[in-house]
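Order of the sequence lines sets the chain letters (A, B, ...), proteins ahead of strands, with each chain counted from 1.
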Amino acid sequence: MLFAEHSQKPQSLEGSPPKSIDFFMTSERYNPREAEGKWQKKWAERNTFQTDNADPRPKYYVLEMFPYPSGRIHMGHVRNYAMGDVVARYKRARGFNVLHPMGWDAFGMPAENAAMQNKSHPAKWTYDNIATMRGQLKSMGLSLDWSREIATCDPTYYKHQQRLFLDFLKAGLVTRKKSKVNWDPVDQTVLANEQVIDGRGWRSGAIIEQRELTQWFLKITDFAQDLTDSLDDLQRWPEKVRLMQKNWIGRSEGLRVRFALEKNAIAKDSTIEVYTTRPDTLFGAKFLALSADNPLAIEAGKTDPKIQAFIEECRRMGTSVATLETAEKKGVDTGLRVQHPFDPAWQIPVWIANFVLMDYGTGAIFGCPAHDQRDLDFARAYHLGATPVVCPAGQNAAEFEIGATAYDGEGTMINSYFLDGMEIPAAKEEVTRRLESTMIDGKPQGERQVNFKLRDWGISRQRYWGCPIPVIHCDDCGTLPVPVADLPVTLPEDVTFDKPGNPLDHHPTWKNVNCPQCSKAARRETDTMDTFVDSSWYYARFTDPHSSDHPTTKAADHWLPVDQYIGGIEHAILHLLYSRFFARAMKATGHLNVKEPFAGLFTQGMVVHETYRGSDGTWRTPGEIRIDSTPEGRKAFSLSDGSTIEIGAIEKMSKSKRNTVDPDEIIGGYGADTARWFMLSDSPPDRDVIWSEEGVQGASRYVQQIWRLVHEMRELSEGVAMPSGSLDERATAVRKIVHGHLMKVEEHIERLRFNTAIAEIRKMTNALSATIAAITSPDQINSDLRQAYREALDVMIQMFAPMMPHLAEECWAAAGHENLVSEAAWPQLDRALAADDRIVIPVQVNGKKRAELEIEHDADAARVEAEALKLEAVARELNGRTPKKVIIVPKRIVNVVV
RNA sequence: GCCCCUAUGGCGGAACUGGUAGACGCGUCCGACUCAAAAUCGGAUUCCGCAAGGAGUGCUGGUUCGAUUCCGGCUAGGGGCACCA
């Protein structure tokens, strides 16, 4: 026997009083504090959740977004990992070889900030936090393979990341270029576009400045087309995330048009190129506008002080992304003129405008005020006119005028020479075709072009606590990769954070090295990688986390893609797009053979909580108040002085609003199972869940309910085998309850509908309790019924085991099993039992329900109709009239139409 | 400004491809047990109405034998992008 016999010694049935169910009841309550630690230890001893890569069963890889070791886990983690654990445990029971690993996204700014404050080392802070959080996760009873644990700050991890960087460099997927970057003045580092939110740093919240720096870039734009196209194949991703990525990548098809410049003293080129998605509106052109950073604009500024002043004004404005949002449309006429492509006599003025971006398209546009709001605003400010060239259906072309709003809808071409009368798509095609075949300056005047909003991913960060970029700068040999044999380039341990900026930059012995090529004095790259690089490939590393020679091995090909990935919607763009890029880049460099890392994605909602505010306006924690529920509503009072507390809005748990709940306290008080159960039960997993004390108490009550029910059923089924052959009516009814609900629970879990899966389990336990309550005397309990309860007991425990694993083990042992329910195979569903042979269907008259009809499930339409019409309530409604039509939807409904 | 999502009892929510609206839970009320309380158990709980019955899924129009579900218009809340030509 594996375990000491369970202490519960249920009473014998003999001599028990009839009627009440009290005689079944155990006097002991289930004690999660004792049980949970015991089973966690047992799982660890038996390596229950360790996964063997060589296991021949079909694989299933379930992964939750790994945490940043910030200090302690929060309720969001509990929700995320509870969901993943249900999937992992369920799939394991269903016979899959499940990979369910955990690790730490361990590089990042907070460790440096803590180091500055506490004068300790970021590594110590990080590893201390990891130790704390690992303990907390273990107390949740997650079925994780801890032998695969990784931390991205560990040289055994980032060594391989440096190797990937060098391979990407060799493959041309890395560039170093001078560019305008988003500079976070608080964190003193660069941020990627994706990390700037509403003009502020995603972490610091500081207003972002624009600076020009030399940076390392990963060429995510090389895959822009495939990254957008492949979204269509990600069937098991939320539509919302795919759409957000699609918009972010921002593919557009248009035409690059060359306008011939009139002779002038400024321009070196004889044409100006613009990019447009609306070549159909070419005859509505009123001006060309250059970006202030356009080389031609800069050239023009050199000879004209007025233009120079305007460019400088734009630069000042451009230093803050936030100011762009409110900026008026402004510009200056360069005096340059271009020819209209289809009318050499038509001169168009060339302006410099503050709303034209240099890094999209060609840094120049043609303005069609009638059909583009920005162009219209600009044209109104400088009286450039707005001739409509597209007329909406139903409008008189001669009278159609543009007011304050540009018209960007469909319509017919007007005022447009040879395009007149065409619809927009035909006009686009016609202009494109004509300009493609006209040559100017030895090139076609128009060329089809696809543009993307997506920019290359700048990964240089001027920080210490990150993965060093493995590159050496030599004055003679240039920028050289660190030889692979010298990897990892480890971080120096003796650093100080007393000066602003990058500590690596102030560390002479680390920074100064010899050139790997010429051996002369050279300098290490002191930038480290954006921490999003660390999390862009960890899912692959988990498949063979201790391989020391290579980032990945054949195991990655076996396990990837991740079958089910679960995490927050906040990563819809950043992390998920970078990971998709990384998989492609790793495929291109031979490290992977898939390009999509996550076949299934699920984005969970947040954990939210009521807020509480005292009369003095200060926030109060849930622990500082007491709530009274009355028919008039809920009222809150201060525990310390009894004063009235205002119950505020339900908001995301945050330290500032003081509405957080500590997972440790919940797990310590109610047990992990109760926390997991409530977290999964109360809301659909993709929506926010409101954490409430009452809800947790309900879950806790249910744990005890199950404990009692298990003992009742154990009593009833003592010493009998599982059902075989057909049983009597009473017993079959019990079996039908079990299999009917088993089928539904399976469906709900497969679709990740944890809340409805839990409702189904509760329905089943309610129904089983009712059958037991209906037993009025012991002589009603025959061998058939005992067998049915024997099965019901096991199946019930297995059904809630993925959500409440500790309680399930305790019950499983109480039911007399010597193995672990975590290692047991999922019960075999009997579909015949799951289906009902008599069903109740509603009967409507003229679409209103008037009666119910109970009938065999396989009754044919004629019989259903005959029986329905016989019903008294139906006859009464008909009142002698003959039905015009009777609609019968098998097993669903009868509708009698009069 | 553009794009997307959501709207169901006092509350969280359920209702597979159009087919009994309100499952399951929370809260509340009534009852049992108790000297009492807690815990536990049983019952009620969309609204109006004593009842028969009627109304009802944000508002509004449509398709249909039948609409929470599909289509059009609107309102409110939430999210994403944001001078991307």
Checklist line | Closest-nucleotide 5' rank along RNA chain B - winner of A/Arg762 and A/Met358 | finding: A/Arg762
Notebook entry, point to check: Taking atom C1' in both B/A23 and B/U34, what distance in whole Å separates the two?
Noted result: 34 Å
Margin query: Please give the distance between the P atoms of B/C11 and B/C48 as a whole number of Å.
Written below: 14 Å
Next item on the list: With the side chain of A/Asn247 defined as its heavy atoms from C-beta on, choose the nearest nucleotide among B/A14, B/G19, B/C3.
Entry: B/C3
Note to self: Regarding A/Ser252, tell me which of base, sugar-phosphate or nothing describes its non-hydrogen contacts under 4.0 Å with the strands shown.
What the structure shows: sugar-phosphate
Next item on the list: Report which part of the nucleic acid A/Lys763 touches: base, sugar-phosphate, or nothing (heavy-atom distance under 4.0 Å, all strands).
Entry: sugar-phosphate
Next item on the list: Any strand is fair game: report the nucleotide pairing with B/A76 by Watson-Crick or G-U wobble, both distances under 3.5 Å, or none.
Entry: B/U6
Next item on the list: Please work out if A/Asn766 contacts a base, only the sugar-phosphate, or nothing of the nucleic acid, heavy-atom cut-off 4.0 Å.
Entry: sugar-phosphate
Check: Do A/Trp707 and A/Arg29 come within less than 4.5 Å of each other through their side chains, counting heavy atoms only?
Finding: no
Item checked: Donor + acceptor pair across side chains of A/Gln604, A/Arg687 (<3.5 Å) -> no
Item checked: Side chain of A/Ile893 - closest among B/U20, B/A82, B/G66 -> B/U20
Notebook entry, point to check: Between A/His741 (NE2) and B/A14 (C1'), how many Å, whole number?
Noted result: 14 Å
Check: Does A/Lys848 put a side-chain nitrogen or oxygen below 4.0 Å from OP1 or OP2 of B/A55?
Finding: yes
Margin query: Measure CG/A/Asn182 against P/B/A82 and give the value in whole Å, please.
Written below: 11 Å
Item checked: Touch class at under 4.0 angstrom, heavy-atom based, for A/Glu239 against every strand present -> nothing
Margin query: For A/Thr756 and A/His748, which I'm curious about, is there any donor-acceptor pair between the side chains at under 3.5 Å?
Written below: yes
Checklist line | Under 3.5 Å on both distances, the Watson-Crick or G-U partner of B/C29 | finding: B/G43
Note to self: Taking only the P atom of each, what is the distance from B/C83 to B/G1 in whole angstrom?
What the structure shows: 15 Å
Next item on the list: To the nearest Å, give me how far apart CD (A/Gln844) and C1' (B/G66) are.
Entry: 6 Å
Check: Across the strands shown, which category fits A/Val356 at heavy-atom distances under 4.0 angstrom: base, sugar-phosphate, nothing?
Finding: base
Notebook entry, point to check: With sugar-phosphate meaning primed atoms plus P, OP1 and OP2, does A/Asn755 contact a base, only sugar-phosphate, or nothing at under 4.0 Å between heavy atoms?
Noted result: sugar-phosphate
Notebook entry, point to check: Out of B/A85, B/G12, B/A23, which nucleotide sits closest to the side chain of A/Ala759?
Noted result: B/A23
Item checked: Paired nucleotide for B/C81 [Watson-Crick or G-U wobble; both distances under 3.5 Å] -> B/G1
Item checked: Rounded distance in Å between the P positions of B/G22 and B/U28 -> 24 Å
Note to self: Any strand counts, and the cut-off is 3.5 Å on both contacts for Watson-Crick or G-U wobble. Which nucleotide pairs with B/A67?
What the structure shows: none
Margin query: Closest-nucleotide mapping onto RNA chain B: is A/Pro684 or A/Met244 further toward the 5' terminus? I mean the 5' end.
Written below: A/Pro684
Checklist line | A/Arg838 atom CZ, neighbour heavy-atom count above 12 within 6.0 Å | finding: yes
Item checked: Between B/C5 and B/G72 - P atom distance, rounded Å -> 12 Å
Check: So what does A/Ser681 touch, heavy atoms closer than 4.0 Å: a base, only the sugar-phosphate, or nothing?
Finding: nothing
Checklist line | Opposite nucleotide pairing with B/A23, Watson-Crick or G-U, both atom distances under 3.5 Å | finding: none
Item checked: Sole candidate of A/Phe366, A/Phe378, A/Phe259, A/Trp351 that passes ring-ring contact (aromatic ring centres under 6.0 Å, His included) when paired with A/Phe287 -> A/Phe378
Item checked: Distance test, side-chain N/O of A/Arg687 to OP1/OP2 of B/C5, below 4.0 Å -> no
Notebook entry, point to check: Quick one, which residues of residues 694-706 of chain A touch RNA chain B with a heavy atom under 4.0 Å?
Noted result: A/Glu694, A/Gly698, A/Arg701, A/Gln705
Margin query: I need the CG-P distance between A/Asn354 and B/A85, as an integer number of Å.
Written below: 18 Å
Check: Would you say the base of B/C65 and the side-chain of A/Lys884 have a donor-acceptor pair closer than 3.5 Å?
Finding: no
Notebook entry, point to check: Which part of the nucleic acid, if any, lies within reach of A/Arg751 when heavy atoms closer than 4.0 Å are counted: base, sugar-phosphate only, or nothing?
Noted result: nothing
Check: Taking CD1 from A/Ile249 and C1' from B/G80, how many angstroms apart are they, rounded to a whole number?
Finding: 14 Å
Check: When all nucleic acid strands are considered with a 4.0 Å heavy-atom cut-off, which category describes A/Arg753: base, sugar-phosphate, or nothing?
Finding: sugar-phosphate
Note to self: Rounding to an integer number of angstrom, what distance separates B/G9 and B/U60 when you compare their P atoms?
What the structure shows: 15 Å
Notebook entry, point to check: Is A/Arg850 touching bases, backbone alone, or none of the nucleic acid, heavy atoms closer than 4.0 Å?
Noted result: sugar-phosphate
Checklist line | For B/A37, the Watson-Crick or wobble counterpart (both distances under 3.5 Å) | finding: none
Margin query: Looking only at the aromatic ring of each residue, does the gap between the centers of A/Trp691 and A/Phe678 stay below 6.0 angstrom?
Written below: yes
Next item on the list: Determine yes or no for a side-chain-to-main-chain donor-acceptor pair under 3.5 angstrom, with A/Tyr382 supplying the side chain and A/Gly331 the backbone.
Entry: yes
Next item on the list: Look through every strand shown and name the nucleotide pairing with B/C50 as Watson-Crick or G-U wobble, where both distances are under 3.5 Å.
Entry: none
Check: Base, sugar-phosphate, or nothing: which does A/Val840 touch, judged by heavy atoms less than 4.0 Å apart?
Finding: base
Next item on the list: Provide the distance between the two C1' atoms, one in B/A55 and one in B/A82, to the nearest whole Å.
Entry: 46 Å
Notebook entry, point to check: Roughly, in whole Å, what's the span from CG in A/Asn895 to P in B/U64?
Noted result: 15 Å
Notebook entry, point to check: When you compare B/A52 with B/A15, how far apart are their P atoms, in angstrom units rounded to a whole number?
Noted result: 31 Å
Item checked: Geometric class of the A/Phe283/A/His340 ring pair [parallel <30°, tilted 30-60°, perpendicular >60°] -> parallel
Next item on the list: Identify whether the glycosidic angle of B/G66 places it syn (within 90° of 0) or anti.
Entry: anti
Note to self: Donor-acceptor pair, distance only, cut-off 3.5 Å: does the side chain of A/Tyr670 make one with the backbone of A/Ala675?
What the structure shows: no
Note to self: In whole Å, I'd like the distance from the CG atom of A/Asp682 to the P atom of B/A14.
What the structure shows: 11 Å
Notebook entry, point to check: Base, sugar-phosphate, or nothing: which does A/Leu243 touch, judged by heavy atoms less than 4.0 Å apart?
Noted result: sugar-phosphate
Check: Can you tell which of A/Met803, A/Met796, A/Met804 makes a side chain to side chain contact (heavy atoms under 4.5 Å, CB included) with A/Ile761?
Finding: A/Met803
Margin query: Are more than 12 heavy atoms, taken from residues, nucleotides or ligands other than A/Glu253, located less than 6.0 Å from that residue's CD atom?
Written below: no
Margin query: If I take atom CD in residue A/Gln245 and atom C1' in nucleotide B/G79, what distance separates them, rounded to the nearest angstrom?
Written below: 16 Å
Margin query: Between A/Arg79 and A/Gly605 (side chain of the first, backbone of the second, donor and acceptor by atom type, cut-off under 3.5 Å), is there such a pair?
Written below: yes
Notebook entry, point to check: Can you tell which of B/C65, B/A14, B/A85 lies closest to the side chain of A/Tyr275?
Noted result: B/A85
